[in-house]
Amino acid sequence: MARIDHAALAAGRRPDDVALVAVSKTHGPQAVAAALAAGQMAFGENRLQEAAGKFPAVLAQCPAARLHLIGGLQTNKAKEAVHLCHVIETLDRPRLADAIANAAMGFGKCPDLLVQVNIGDEPQKSGVAVAQADVFIRDMKARFGASVTGLMCIPPADTDPVPYFKRLVAMADAHGLAVRSMGMSGDFEAAIACGATHVRVGSAIFGVRG
Ligand SMILES: *Cc1c(COP(=O)(O)O)cnc(C)c1O
């Protein structure tokens, strides 16, 4: 997307340093196929069931495609998630870590993992609480090693996201984590200015969800 390149250049960053995760939730396989044909390889889905219905066929046709799970993951679905996804962006609690570790052992492979931080400490949102984040991130790095590649957040709606983006970047810096997944259709340019390496954009690409 040209707007990503522009935002990167405006922030004095290289366009190549910002990856687009195209959020295809609620859109059918044809929308994914069209994006693939345009060269888009990374996709985000927030519900594992929906992804499991859509992506095995996509991956059979295009093995280079990459599926990011960006929605909350139930412990009893961890096995399926590890099997299907290349990146799980929503690691946020020890029991889920246990389930992912077990599944990874069983399959002999572990997806890349992002720790989701509840950066606004909102009761209704998933993600590890800000006060617990440092300990949790350290534990996850000790447990999963290089599979933990970064942090993900969704700032509170209807407020300036910039302070929250900056807080996530500071946390990632402190832990030496390269990936910062932040920014959606409404705020990805601000996220890029703050240091996002991955933006998760749905409606600005695929149109408004039905
Ligand atoms: C749906 C979703 C997005 C994309 O949202 P848009 O506003 O459509 O760009 C990004 N991240 C997460 C976690 C989502 O659930």
Side-chain angles (χ1 to χ4, degrees), residues 1-8 18-32 34-35 38 40-55 65-74 77-78 81 84-93 96 111-130 133 149-162 164-165 167-169 171-172 179-210:
M1 243 205 325
R3 282 171 62 193
I4 292 175
D5 293 357
H6 285 141
V18 184
L20 169 62
V21 177
V23 177
S24 49
K25 66 189 185 196
T26 75
H27 295 284
Q30 330 77 264
V32 174
Q40 176 63 33
M41 288 293 147
F43 294 88
E45 290 280 342
N46 70 330
R47 291 177 58 238
L48 189 65
Q49 280 324 102
E50 183 181 343
K54 217 184 293 181
F55 273 85
R66 288 290 171 269
L67 175 60
H68 294 231
L69 184 69
I70 61 172
L73 178 59
Q74 288 173 278
K77 303 268 173 60
L84 183 65
C85 301
H86 302 89
V87 185
I88 295 175
E89 299 205 7
T90 51
L91 174 56
D92 66 354
R93 56 197 194 278
L96 180 58
D112 284 349
L113 302 171
L114 305 188
V115 171
Q116 181 178 0
V117 180
N118 187 357
I119 202 73
D121 281 327
E122 296 173 277
Q124 80 282 12
K125 272 203 186 128
S126 46
V128 62
V130 169
T149 57
L151 305 182
M152 178 272 221
C153 77
I154 308 168
D158 306 321
T159 55
D160 179 9
V162 164
Y164 300 99
F165 290 152
R167 189 180 296 169
L168 192 82
V169 167
M171 256 182 218
V179 174
R180 298 95 201 264
S181 172
M182 56 189 204
M184 315 184 358
S185 291
D187 57 14
F188 70 86
E189 281 143 327
I192 290 169
C194 293
T197 61
H198 291 64
V199 292
R200 308 177 307 270
V201 181
S203 45
I205 299 174
F206 294 110
V208 176
R209 288 178 289 274

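All residue numbers refer to positions in the sequence shown, counting from 1. Just follow the structure's listing: the first ligand is 1, and inside any ligand the first atom is 1.
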Taking every heavy atom of E89 against every heavy atom of S181, the minimum-distance pair comes out as OE1-OG, 2.7 Å

min-distance protein heavy atom vs atom 15 (O) of ligand 1 -> K25 NZ, 2.7 Å

Test side chain to side chain contact (heavy atoms under 4.5 Å, CB included), reference L73, set L91, D92, L48, N46, output is L48

Any N or O on I70 sitting closer than 3.5 Å to an N or O of ligand 1? no

A student checking ligand 1 against I154 at a 4.0 Å heavy-atom cut-off should list atoms 13 (C)

Inset, instruction - Would you check if M1 and F188 make a side-chain contact, meaning some heavy-atom pair closer than 4.5 Å? - result: yes

Taking only non-hydrogen atoms of V201 and a 4.0 Å limit, the atoms of ligand 1 in range are 9 (O)

(request) Tell me, yes or no, whether the heavy-atom count around R93 atom CZ, taken from other residues, nucleotides or ligands under 6.0 Å, exceeds 12. (result) yes

Ligand 1 atoms nearer than 4.0 angstrom to some heavy atom of S185 are 6 (P), 7 (O), 8 (O), 9 (O)

Checking heavy atoms under 4.0 Å, the part of E89 that sits near ligand 1 is neither

List the steps and the verdict of side chain to side chain donor-acceptor pair (under 3.5 Å) for Q116 and T90.
CA-CA 5 Å; Q116 181 178 0; T90 51; 4.9 Å; no

When distances are taken from atom 5 (O) of ligand 1, the protein heavy atom at minimum range is M184 CE, 3.6 Å

Exercise. Charged N to carboxylate O below 4.0 Å: is that the case for E45 and K54?
Worked result: yes

For atom 11 (N) of ligand 1, the closest protein heavy atom turns out to be R200 NE, 2.9 Å

